[in-house]
Amino acid sequence: MKTRLLQPSDDGMETAREILDSGGLVAIPTETVYGLAANALNENAVRRVFEAKSRPPSNPLIVHVSDWNSAQNLIAASNQEAKLLTDAFWPGPLSIVLPRSSNVSDLITAGGNTVAIRSPNHPVALELIRICGFPLVAPSANRSSGISPTRIEHVFEELEGKIDAVLDGGPCEVGIESTVLDLTVSPLCILRPGAISSEEISKVLNQNVTHDFAVGNDALRSPGILGKHYSPKTPLFCIESPMALAQAEVLVTFYKHPNAVVISENPLIAAQELYKVLRELDTDELNAIYVVLPPDTEEWHAIRNRLLRAQGSLTF
Ligand code: TXA
Ligand code: MG
């Protein structure tokens, strides 16, 4: 299959709509990372998403909608906390997990009774969902367990020949995936840290929010966050302070350092750059990548989480 590059400024939006309407796959820009979109109401299209990514069927997908109103027929009952959160953060990098309605296929939920929903804050994605008139599943547009794409070139590296098209929306502004919040448990629980912090969520709801993202925890509620993820092919190791390196090894830091690839001291800019830098370093020439972890503070949690996951062991 030839993967086409579509431009929103030409007739790219209409072509993307036609492809999705007939059950095809289009990688779309969102504010977090590029997503691999398919019609959430078409089971065959959803199945193709799992095939293209080689994604295990046990890992559920996030359904993307234009607003909270259009999420109503995907969920079992309306939810006051979800209303408050979506008023505050949608469109934006917050996915909420709620009891699902019968309109949501078992493939999407991996057989579970809940569905994750979000409204992406990107004009191209929002406009596409509106003109389609149906919700879109959109996992990150990489092969399973690899690094999420934040630029169209990354999507082509990952999925060229396996998907119908890529819709160009420029580089992603946030750079790492959305916060995933489970609203079906008490206390509410963050399953994946992201740009929206637990502090911000707690403030809107006036209640405490816990988190659950330790690998090896049997009580894990989000199957897709188990095991190795977001990983380069080159072995990556997280360390707490710099060390002497052999040849064919590289040091990455989030502060000025003479012998390191320095990402940024600013967590927002570091998130934008993280996957691009890891991708650039992921060449055959390197035996190992050593990353000095940023501080264990709220503003760095999402980045620490992705690095520990990339290493394949997370004890948070
Ligand atoms: O920012 C994002 O969320 C991006 C963009 C494209 O929207 N999408 C994304 O999708 O990161 P994906 O499939 O790569 O990650 C979805 C995460 C997985 O960890 C999955 O296990 C979890 O959300 N998830 C999906 N449905 C769930 C559910 N019903 N319950 C718990 N976790 C769920
Ligand atoms: Mg992903």
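Read the numbers this way: they start at 1 and go in the same order the structure lists the ligands and their atoms. When reading the values below, keep in mind they use all heavy atoms of this one structure, side chains included, and skip hydrogens, waters and symmetry mates.
- Near T32, meaning under 4.0 Å from any of its heavy atoms, are these atoms of ligand 1: 1 (O), 2 (C), 4 (C), 5 (C).
- In terms of polar-atom proximity, H64 is counted as a contact of ligand 1, with an N or O under 3.5 Å from an N or O of the ligand.
- By the salt bridge (charged side-chain N to carboxylate O under 4.0 Å, His left out) test, D10 pairs with no residue at all, sequence neighbours left out.
- Of the N or O atoms in T114, one or more lie within a sub-3.5 Å distance of an N or O in ligand 1.
- Coordination check, S148 versus the Mg ion (ligand 2): failed, since every N/O/S atom of the residue sits at 2.8 Å or beyond.
- Against a heavy-atom cut-off of under 4.0 Å, S140 is close to the following atoms of ligand 1: 8 (N), 9 (C), 10 (O), 12 (P), 14 (O).
- Smallest separation of non-hydrogen atoms from G175 and T150: O-CG2, 3.4 Å.
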After noting the C-alpha distance and the side-chain angles of K276 and E273, does the key distance pass the salt bridge (charged side-chain N to carboxylate O under 4.0 Å, His left out) rule?
CA-CA 5 Å; K276 177 169 144 288; E273 295 296 309; 3.3 Å; yes
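- Taking a 4.0 Å cut-off on heavy atoms, V33 registers as neighbouring ligand 1.
- Across all their heavy atoms, L159 and R143 have their closest contact at CD2-CG, 4.1 Å.
- Neither the backbone nor the side chain of D182 comes within contact range of ligand 1; no heavy atom lies under 4.0 Å.
- In this structure, of R192, R55, R309, H122, the residue bringing a heavy atom nearest to atom 13 (O) of ligand 1 is R55.
- Counting the atoms of ligand 1 from 1 in the order shown, those under 4.0 Å from a heavy atom of G35 are 6 (C).
- Using a 4.0 Å cut-off between a side-chain N of Lys or Arg and a carboxylate O of Asp or Glu, E31 and R118 qualify as a salt bridge.
- Interface of S178 with ligand 1, defined as ligand atoms under 4.0 Å from a residue heavy atom, comprises 1 (O), 2 (C), 3 (O).
- Remark: distances from the non-hydrogen atoms of A138 to ligand 1 include one below 4.0 Å.
- In plain terms, the two heavy atoms of R130 and S66 that are nearest each other are CG-CB, 4.1 Å.
- One distance of note links CD of E173 with OG1 of T32; it measures 11.0 Å at 0.5 Å rounding.
- Under the 3.5 Å distance criterion, with hydrogens and angles disregarded, no donor-acceptor pair is assigned to the side chains of T15 and E18.
- The two atoms that bring L36 and K53 nearest to each other are CD2-CG, 4.0 Å, heavy atoms only.
- Inclusion of T30 in the set of residues having an N or O under 3.5 Å from an N or O of ligand 1 is not warranted.
- Less than 4.0 angstrom separates some heavy atom of A116 from each of these atoms of ligand 1: 25 (C), 26 (N), 27 (C), 29 (N).
- Taking the charged nitrogens against the carboxylate oxygens, D164 and R48 do have a contact shorter than 4.0 Å, which makes a salt bridge.
- Under a 4.0 angstrom heavy-atom cut-off, R118 registers as being in contact with ligand 1.
- Listed by number with element, the atoms of ligand 1 under 4.0 angstrom from any heavy atom of I62 are 3 (O), 10 (O), 16 (C), 23 (O).
- With a 4.0 Å heavy-atom cut-off, ligand 1 is reached by the side chain of V97 but not by its N, CA, C or O.
- At a heavy-atom cutoff of 4.0 Å, ligand 1 is contacted by the side chain of L191 but not by its backbone.
- No side-chain heavy atom of N121 sits under 4.5 Å from any side-chain heavy atom of S119.
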